> 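Before I ask anything, let me first share the structure, which is written out below as structure tokens.
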Amino acid sequence: MKLTRAGINADRAAYEAAGYKLPSFDYEKVAENTHRRPAWIHFGAGNIFRAFQANLVQNLLNAGTLDTGLIAAEGYDYEIIEKGNRPHDNLSILATLKADETVEKTVVGSVLESLVLDSLNEKEYTRLKEIFAAPSLQMASFTITEKGYAVTDAKGNVLPAISADFEKGPQAPDSYLGKVASLLYHRYLNGRLPLAMVSMDNCSHNGDKLRNAVTAFADAWCGHGLADQGFADYVQDPGKVSFPWTMIDKITPRPDAKVAGMLADDGLEELDAVITSKNTYIAPFVNAEECEYLVIEDTFPNGRPPLEKGGVIFTDRETVDKVEKMKVCTCLNPLHTTLAIFGCLLGYTLISEEMKNPVLRRLVERIGYQEGLPVVTDPKILDPKDFIDQVVNVRIPNPFMPDAPQRIATDTSQKLAIRFGETIKAYHRSPDLHVEDLKLIPLVFAGWLRYLMAVDDEGRPFTPSADPLLEAASAYVADYRLDSAPKDLSGLDRLLSNEKVFGVNLVEIGMADLVKGYFSELSSGTGAVKKTLEKYVKA
């Protein structure tokens, strides 16, 4: 069985006998419609796109709700298209790994065209310009990671590639967002047509990040006389170009070798993963959890597809923001980070295995239900308690999800402030709650300090995950050893008072001593992490 259109046509019975759900829409007709009157183009043809947006559109095509499919474009790693999409006629396999240990296998065929976003490739770029000049185009969406929207570095200096594009103008930019802005300028020149530019990346206020980047290009090009002066006004007119906020949530780990083996056992050929020259890991399949959420601010100046019929929630900006805060500050991300820190210390390699430990399970339940829920931001459209219920009972324990604490521990110093600091601030503001009532969030902070020692609970060295502050933060614990409990912990106060790391000054609010006390216990010898968790977390 080959994953191509010809392969499916030839082996349809074999696919169906092996339990695969196949596209049931009129492929030729939808392909013709998509080419002639494109409605949705997506930038960033990675795993989350194939597992979520592409499957969403396929369901709507199968139901007859839509009659045009998706166009995928990739502007960073062209090999994703050249070696991932095109050898398989833009088809991919979605393996949905369910908590009941069953696997739903779907051949996703909703991507009808794939393009390389290369301004020097005349054929590809001309087609992209045609798409952006089409009056039918309603939205351009993005999953290019938060880094993809960066215009400046950490010090506020314009990145060299962006600066070069500012000077060159919209004719042949090199940077990802420069090329996107150039296509939007082409749409402006072809009648100032309206369009929604929709970031679907998993970062807060993602629409603003995209808007700020595109606006920077428009202002620079207009300021240098390289673009029509009206372009800057066009970009800043929400009646012409909108940048909705969104919240997306679906765990989509790297394609797993066990899933590849399962598909191969079904008779599928040519499933080998490809590592591109830019170190992107791509495979003909993607594995993902069943649960998914997509909440979008409903601002589409050229109309939009009826994605609500596929489960997407459309609402106002304030509600999107509340859903984001609910997830990031209380109901999911803090629990993930907690398991990441202690999972690394206790030698776990799978998040799902951690949830079999009654102490760790109780730890995240208490952080979510007892410490987080009293101050949770309630968006009303999703119930926070139900959300946590699904996280702790279905999503995190899912044995089929090959998600590792080591992956989630990446950039922890950048996550603590939003994932825990906002809860502390809410307690501090509340007339009825008190910061000193928080007992387990400080334990997570202490766990992170213990993690920075880069020695697990058995005394074995490990390599901490990548983090921009890893070297600087680790220096605060460099002199501590597990052979005895640290005596003088005052040297930690400078780190614990860093509001950028923790969201609040832990010394000023009186939490630092508790964190240091926990850290002393966690660091008092081999087995101390397990013993301390058992002491303070009643299973």
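Since this is a predicted model, take the numbers as computed values, not measurements.
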> Do we get Lys98 above Phe400's six-membered ring, with its NZ or CZ under 6.0 Å from the centre and within 45° of the axis?
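So Lys98 doesn't make the cation-pi contact.
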> Are His42 and Phe49, when compared by the centres of their aromatic rings, separated by less than 6.0 Å?
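Ring centres of Phe49 and His42 closer than 6.0 Å.
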> State, without any angle test, whether Asn9 and Arg12 hold a side-chain donor-acceptor pair at a distance under 3.5 Å.
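Checked: Asn9/Arg12 side chains show no N/O donor-acceptor pair below 3.5 Å.
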> Do Thr215 and Asn212 meet the criterion of a side-chain donor-acceptor pair at a distance under 3.5 Å?
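No - no donor-acceptor pair under 3.5 Å links their side chains.
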> Does Tyr234 have Arg192 sitting over its ring (NZ/CZ under 6.0 Å from centre, angle to axis within 45°)?
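The answer is no; the distance or angle limit is not met.
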> Find out whether the Lys NZ or Arg CZ of Lys209 is both under 6.0 angstrom from the six-membered ring centre of Tyr149 and within 45° of the ring's axis.
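Ring-cation test returns no.
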> Does the side chain of Lys327 pick up a donor-acceptor pair with the side chain of Asn202 at under 3.5 Å?
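Side-chain D/A pair, Lys327 to Asn202: present.
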> Any donor-acceptor pair under 3.5 Å linking the side-chain atoms of Tyr15 with those of Asp266?
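No, no side-chain donor-acceptor pair sits under 3.5 Å.
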> Return yes when atom OH of Tyr76 has more than 12 non-hydrogen atoms of other residues, nucleotides or ligands closer than 6.0 Å, and no otherwise.
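At most 12 heavy atoms, drawn from other residues, nucleotides or ligands, come within 6.0 Å of this atom.
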> Looking just at side-chain N and O atoms, do Asp467 and Thr412 make a donor-acceptor pair shorter than 3.5 Å?
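Thr412 and Asp467 do not have a side-chain donor-acceptor pair below 3.5 Å.
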> Side chains of Thr68 and Trp40 only: does a donor on one sit below 3.5 Å from an acceptor on the other?
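No, no side-chain donor-acceptor contact under 3.5 Å.
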> Tell me whether the centres of the aromatic rings in Tyr188 and Phe231 are closer together than 6.0 Å.
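Between Tyr188 and Phe231, the centre distance is under 6.0 Å.
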> Could you check Arg211, Lys322, Arg317, Arg304 and say which one makes a salt bridge (charged side-chain N to carboxylate O under 4.0 Å, His left out) with Glu297?
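Only one of Arg211, Lys322, Arg317, Arg304 forms a salt bridge (charged side-chain N to carboxylate O under 4.0 Å, His left out) with Glu297, namely Arg317.
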> Classify the angle between the aromatic ring planes of Phe43 and Phe142 as parallel (below 30°), tilted (30 to 60°) or perpendicular (above 60°).
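Rings of Phe43 and Phe142: parallel, as their planes differ by under 30°.
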> Assess, by modelled atom type and distance only, whether the side chains of Asp77 and Thr280 contain a donor and an acceptor separated by less than 3.5 Å.
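Looking only at side-chain atoms, Thr280 and Asp77 do form a donor-acceptor pair, the distance falling under 3.5 Å.
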> Between Trp245 and Asp321, is there a side-chain donor-acceptor contact under 3.5 Å, judged purely by atom types and distance?
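No, because no side-chain N or O of Asp321 sits under 3.5 Å from a partner of the opposite role on Trp245.
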> Is it true that Thr246 and Asn206 share a donor-acceptor pair across their side chains at a distance under 3.5 Å?
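Short answer, yes.
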> Answer yes or no: does atom CD1 of Ile275 have more than 12 heavy-atom neighbours from other residues, nucleotides or ligands under 6.0 Å?
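Not more than 12 within 6.0 Å, no.
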> Just by distance, no angles: are the side chains of Asp201 and Thr143 close enough, under 3.5 Å, to form a donor-acceptor pair?
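On atom types as modelled, these side chains do not qualify, holding no pair under 3.5 Å.
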> How many angstroms lie between CD1 in Ile396 and OG in Ser352, if you round to the nearest 0.5 Å?
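Output value for this atom pair is 10.5 Å.
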